Chemist: 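Quick one: structure below, then a few questions.
Labels below follow one simple rule: chain letters A, B, ... track the order of the sequence lines, proteins then strands, and each chain is numbered from 1. Everything numeric in this text was worked out from a predicted model, so none of it was measured.
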2 protein chains.
Amino acid sequence: MEKRIERIKKQLHSQSYKLTPQREATVRVLLEHEEDHLSAEDVYLLVKEKSPEIGLATVYRTLELLSELKVVDKINFGDGVSRYDLRQEGATHFHHHLVCIECGSVDEIQEDLLGDVEKVVEKSWNFKIKDHRLTFHGICSRCQENKPTETS
Amino acid sequence: MEKRIERIKKQLHSQSYKLTPQREATVRVLLEHEEDHLSAEDVYLLVKEKSPEIGLATVYRTLELLSELKVVDKINFGDGVSRYDLRQEGATHFHHHLVCIECGSVDEIQEDLLGDVEKVVEKSWNFKIKDHRLTFHGICSRCQENKPTETS
DNA sequence: GGTCAAATTAAAATCATTACAATAATTAGA
DNA sequence: TCTAATTATTGTAATGATTTTAATTTGACC
């Protein structure tokens with residue numbers, strides 16, 4: 001964990017930003033909740049537990065900054081809020097998501113899956129792909145088990 | 001066009017909703033701007049030209065309703081607004097988008113592209129896919145032409 | 001024509017996010 | 001070290017999108 005913070009610090013410095021205490025606290029929360037998909041408000045509340053003096057605006061700005069540096073990805077699942085997701089170190093592409101329409105859970109797919117599709121798109125549409133967002137909506141394995149019969 | 005309205009009307013009736021004049025005006029605007037990706041506000045302004053007495057809240061409710069009936073798809077490209085996109089009639093899957101990070105244009109891909117990927121996901125993650133969202137961010141062909149040299 | 005539920009309206013409320021202005025911390029040079 | 005200049009932070013106000021409310025209208029059905 002410290003190693004990753006150290007690397008993020010370097011990344012900030014390389015763009016002449018500083019890892020201030022507030023920013024560090026925010027990054028720590030993200031690292032501790034790597035599995036989740038926190039909204040800005042979620043992050044704010046968690047950071048506040050350790051650093052009660054932080055302001056919501058600072059969290060927003062920090063997340064925005066981390067987003068620009070590609071440390072986190074900003075995603076939107078269609079509920080009204082933006083969520084922030086730590087990027088795997090060294091990941092070249094943004095991972096995908098499985099959103100369950102029953103229970104609302106969000107799982108991640110780290111595998112690429114889109115390599116071939118991207119080649120087709122770049123060639124057929126002459127479109128230079130920089131990033132992508134792929135989300136599947138459906139029923140997760142857990143909900144399928146809980147509801148074997150659909151008859152009302 | 002009248003045919004499609006007629007079919008949408010039937011679809012509404014089958015769920016015991018009515019195609020009120022306001023709803024019809026809204027659907028007409030969507031049909032006339034099938035290529036675009038209008039926000040609720042955009043739709044509102046366009047409907048207002050023909051039916052000046054309509055309210056913004058009604059447009060929101062109508063779009064929400066059409067979204068539930070799968071007549072339109074609600075999408076979100078990361079700017080602060082939801083956009084509404086008419087579904088191709090008979091389309092089984094949601095089409096994909098190419099968002100240009102230079103000029104902001106949005107092009108559509110009607111081709112499926114994800115058939116194989118979905119099979120893999122359903123099998124490997126035991127996830128029952130109902131819908132998907134796939135958006136590529138990058139440089140569209142038009143912007144690539146306008147900016148052949150990147151050196152500042 | 002009367003009744004009832006659904007739909008619409010305008011206005012107000014809500015929610016996420018951003019802008020602002022004042023304050024505090026940090027840095028670079030004298 | 002001291003001072004000016006820069007950068008970051010804070011709380012709050014403002015903004016903008018969307019939703020709710022409460023009152024009114026519409027339209028199908030008897």
Chemist: Applying side-chain contact (heavy atoms from CB on, under 4.5 Å), run through B:Thr62 and B:Gln22 and close with a yes or a no.
Modeler: CA-CA 8 Å; B:Thr62 301; B:Gln22 292 89 335; 5.6 Å; no

Chemist: Please give, in whole Å, the distance from D:dT19 C1' to B:Lys74 NZ?
Modeler: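 Interatomic distance, NZ of B:Lys74 to C1' of D:dT19: 11 Å.
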
Chemist: Rounding to an integer number of Å, can you tell me how far B:Ile54 CD1 sits from C:dA10 C1'?
Modeler: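 So the two atoms are 14 Å apart, to the nearest Å.
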
Chemist: Among D:dT9, C:dT17, C:dT8, which nucleotide sits nearest the side chain of A:Ser82?
Modeler: C:dT17

Chemist: Indicate the ring-plane relationship of B:His97 and B:His37, choosing parallel, tilted or perpendicular according to the 30° and 60° boundaries.
Modeler: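 Perpendicular, since the angle between the ring planes exceeds 60°.
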
Chemist: Should A:Glu24 and A:Arg28 count as an ion pair when the cut-off is N to O under 4.0 Å?
Modeler: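 Yes, charged N to carboxylate O under 4.0 Å.
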
Chemist: Among the candidates C:dT17, D:dT9, C:dT8, find the nucleotide nearest to the side-chain atoms of A:Tyr60.
Modeler: C:dT17

Chemist: What residue among B:Val47, B:Leu45, B:Asp42 forms side-chain contact (heavy atoms from CB on, under 4.5 Å) with B:Val29?
Modeler: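 Passing option: B:Val47.
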
Chemist: Can you measure B:Glu64 atom CD to C:dA6 atom C1' for me and round it to whole angstrom units?
Modeler: 17 Å

Chemist: Just how far, in rounded Å, is P of C:dA10 from CG of B:Leu56?
Modeler: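 So the two atoms are 11 Å apart, to the nearest Å.
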
Chemist: Taking DNA chain D as the partner, which of residues 4-41 of chain A come within under 4.0 angstrom of it by heavy atom?
Modeler: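 Close to the strand are A:Thr20, A:Gln22, A:Arg23.
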
Chemist: CG of A:Asp42 versus P of C:dC15: gap in Å, rounded?
Modeler: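 Spelled out: CG on A:Asp42 to P on C:dC15 is 15 Å.
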
Chemist: Does B:Gln110 reach the side chain of B:Gln88, with side-chain heavy atoms less than 4.5 Å apart?
Modeler: yes

Chemist: Output the rounded distance in Å from CG (A:Asp79) to P (C:dA16).
Modeler: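 The answer, rounded to whole Å, is 10 Å.
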
Chemist: Taking atom C1' of C:dT17 as reference, at what distance in whole Å does atom CZ of A:Arg83 sit?
Modeler: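 To the nearest whole Å, that distance equals 15 Å.
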
Chemist: Roughly how many Å is it from OH in A:Tyr44 to P in D:dT12, rounded to a whole number?
Modeler: 10 Å

Chemist: Salt bridge check: are A:Arg133 and A:Asp131 linked by an N-O gap of less than 4.0 Å?
Modeler: yes

